[in-house]
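Report on the following structure.
Note that these values count all heavy atoms, side chains included, but never hydrogens, waters or copies made by symmetry.
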Amino acid sequence: MLRKNIIWFCLLIGVMVTACSISYKFNGASIDYTKVKTITIKDFPNQAPLVYPPLSQEFTEALKDIYIRQTRLQMVNNNGDLELQGEITGYELTPMAVKEDAWSSQTKLTITVRVSYSNRTNPDEDFDAQSFSAYREFDATRMLQDVQAELCAEIIDELTDQIYNATVANW
């Protein structure tokens, strides 16, 4: 009798384990790869009043890189199932944390991009001209040239994460 109960218990556990499945996606993407196979990312020109020359190329390449690394989508030049295009609209320095002598002790660098997203397999997910922005602060005693490359890299990482989450992660 005890042996029979153990066998039934093992069978019951086996059925429960196979019937219940939990699926985790560590990249956060919710893409139906049976329908969506390609992505097109157009160059993002720098239309900001203040221009940092390498920003356009660095941003565009970082945006392409996040989709290549975190999805199985194939990058194509035109007519991808998903398409991203836009422009860099802001590159601004703002004095922050004014001290008692009326001088700023911190400066904030903000980058803003405007993005249009098209999903040819599910047009309900499309958006047009949505703005994303991110910033970093740095000590005002430092020259922008000294911190610019590092700050831009950090801001670009944050911006590409925001865009990725807004397009394919569906958070």
Side-chain angles (χ1 to χ4, degrees), residues 23-97 104 106-138 140 142-171:
S23 174
Y24 291 104
K25 296 178 187 175
F26 294 108
N27 64 8
S30 57
I31 299 170
D32 182 355
Y33 290 109
T34 62
K35 296 178 184 175
V36 180
K37 299 187 183 320
T38 60
I39 186 168
T40 298
I41 299 176
K42 302 287 186 179
D43 289 338
F44 277 67
N46 193 341
Q47 304 297 331
L50 181 60
V51 174
Y52 175 52
L55 183 60
S56 175
Q57 182 177 357
E58 289 176 4
F59 176 78
T60 302
E61 292 305 315
L63 192 57
K64 289 177 181 180
D65 188 53
I66 195 170
Y67 286 90
I68 289 169
R69 280 186 295 112
Q70 295 190 18
T71 70
R72 292 183 287 170
L73 297 173
Q74 186 73 30
M75 191 70 59
V76 294
N77 290 331
N78 294 304
N79 300 321
D81 297 323
L82 306 179
E83 184 171 303
L84 284 163
Q85 59 186 345
E87 60 190 358
I88 298 165
T89 58
Y91 187 86
E92 301 167 347
L93 293 168
T94 308
M96 305 294 292
S104 172
Q106 293 280 299
T107 302
K108 179 168 72 170
L109 172 62
T110 305
I111 299 175
T112 305
V113 295
R114 186 169 35 229
V115 178
S116 293
Y117 171 68
S118 172
N119 182 335
R120 294 189 198 323
T121 62
N122 188 1
D124 292 338
E125 293 181 359
D126 292 1
F127 58 79
D128 189 39
Q130 183 172 334
S131 286
F132 297 88
S133 89
Y135 70 89
R136 291 292 183 274
E137 293 181 5
F138 63 98
R142 299 185 70 190
M143 298 295 292
L144 178 60
Q145 302 87 287
D146 297 339
V147 295
Q148 190 165 225
E150 178 184 341
L151 295 177
C152 284
E154 292 175 11
I155 293 170
I156 288 170
D157 283 347
E158 184 175 334
L159 286 170
T160 56
D161 282 344
Q162 288 177 22
I163 295 165
Y164 179 86
N165 288 337
T167 56
V168 297
N170 294 330
W171 287 80

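Judged purely by atom type and a 3.5 angstrom limit, Tyr67 has no side-chain atom pairing as donor or acceptor with the backbone of Ile39. Formation of a donor-acceptor pair under 3.5 Å by the Asn46 side chain with backbone atoms of Ala48 is found in this model. Remark: side-chain polar atoms of Thr107 are not paired, donor with acceptor, to backbone N or O of Pro95 under 3.5 angstrom. Under a 3.5 Å cut-off, the side chain of Thr40 and the backbone N or O of Val76 do form a donor-acceptor pair.
Ion pair Arg136/Glu158 flagged as a salt bridge, since at least one NZ, NE, NH1 or NH2 atom sits closer than 4.0 Å to an Asp/Glu carboxylate oxygen.
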Check the pair Ile163 / Tyr117 against side chain to side chain contact (heavy atoms under 4.5 Å, CB included), numbers first and verdict last. CA-CA 9 Å; Ile163 295 165; Tyr117 171 68; over 6 Å; no

Check the pair Phe44 / Leu55 against side chain to side chain contact (heavy atoms under 4.5 Å, CB included), numbers first and verdict last. CA-CA 9 Å; Phe44 277 67; Leu55 183 60; over 6 Å; no

Evaluate Val115 against Leu63 for side chain to side chain contact (heavy atoms under 4.5 Å, CB included), listing each step before the verdict. CA-CA 11 Å; Val115 178; Leu63 192 57; 6.0 Å; no

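To the nearest 0.5 angstrom, Asp157 atom CG is 9.5 Å from Asp65 atom CG. Here the CD-CE distance, from Glu137 to Met96, works out to 5.0 Å after rounding to the nearest 0.5 Å. The distance from atom CZ of Phe138 to atom CG of Leu93, rounded to the nearest 0.5 Å, is 5.5 Å. To the nearest 0.5 Å, atoms CD (Glu87) and CZ (Arg114) are separated by 4.5 Å. Atom CD1 of Ile41 is separated from atom OG1 of Thr160 by 10.0 Å, given to the nearest 0.5 angstrom. Atom CG of Leu50 and atom CG of Leu144 lie 7.5 Å apart (nearest 0.5 Å).
Looking at heavy atoms from C-beta onward, Tyr91 lies out of side-chain contact with Ile155 at the 4.5 angstrom threshold.
Of all heavy-atom pairs between Ile111 and Cys152, the closest is CD1-SG, 4.0 Å. The minimum heavy-atom distance linking Gly86 with Pro45 is given by the pair O-CD, 3.2 Å. Minimum heavy-atom separation, Ala129 to Ser116: N-OG, 3.1 Å.
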Please table the atom pairs, donor to acceptor, closer than 3.5 Å between any side-chain atom in residues 77-84 and protein atoms at least two apart or in another chain.
unit_1: Asn78; atom_1: OD1; unit_2: Lys42; atom_2: NZ; d: 2.7
unit_1: Asp81; atom_1: OD2; unit_2: Lys37; atom_2: N; d: 2.7
unit_1: Asp81; atom_1: OD2; unit_2: Thr38; atom_2: N; d: 3.1
unit_1: Asp81; atom_1: OD2; unit_2: Thr38; atom_2: OG1; d: 3.4
unit_1: Glu83; atom_1: OE1; unit_2: Arg120; atom_2: NH2; d: 3.1

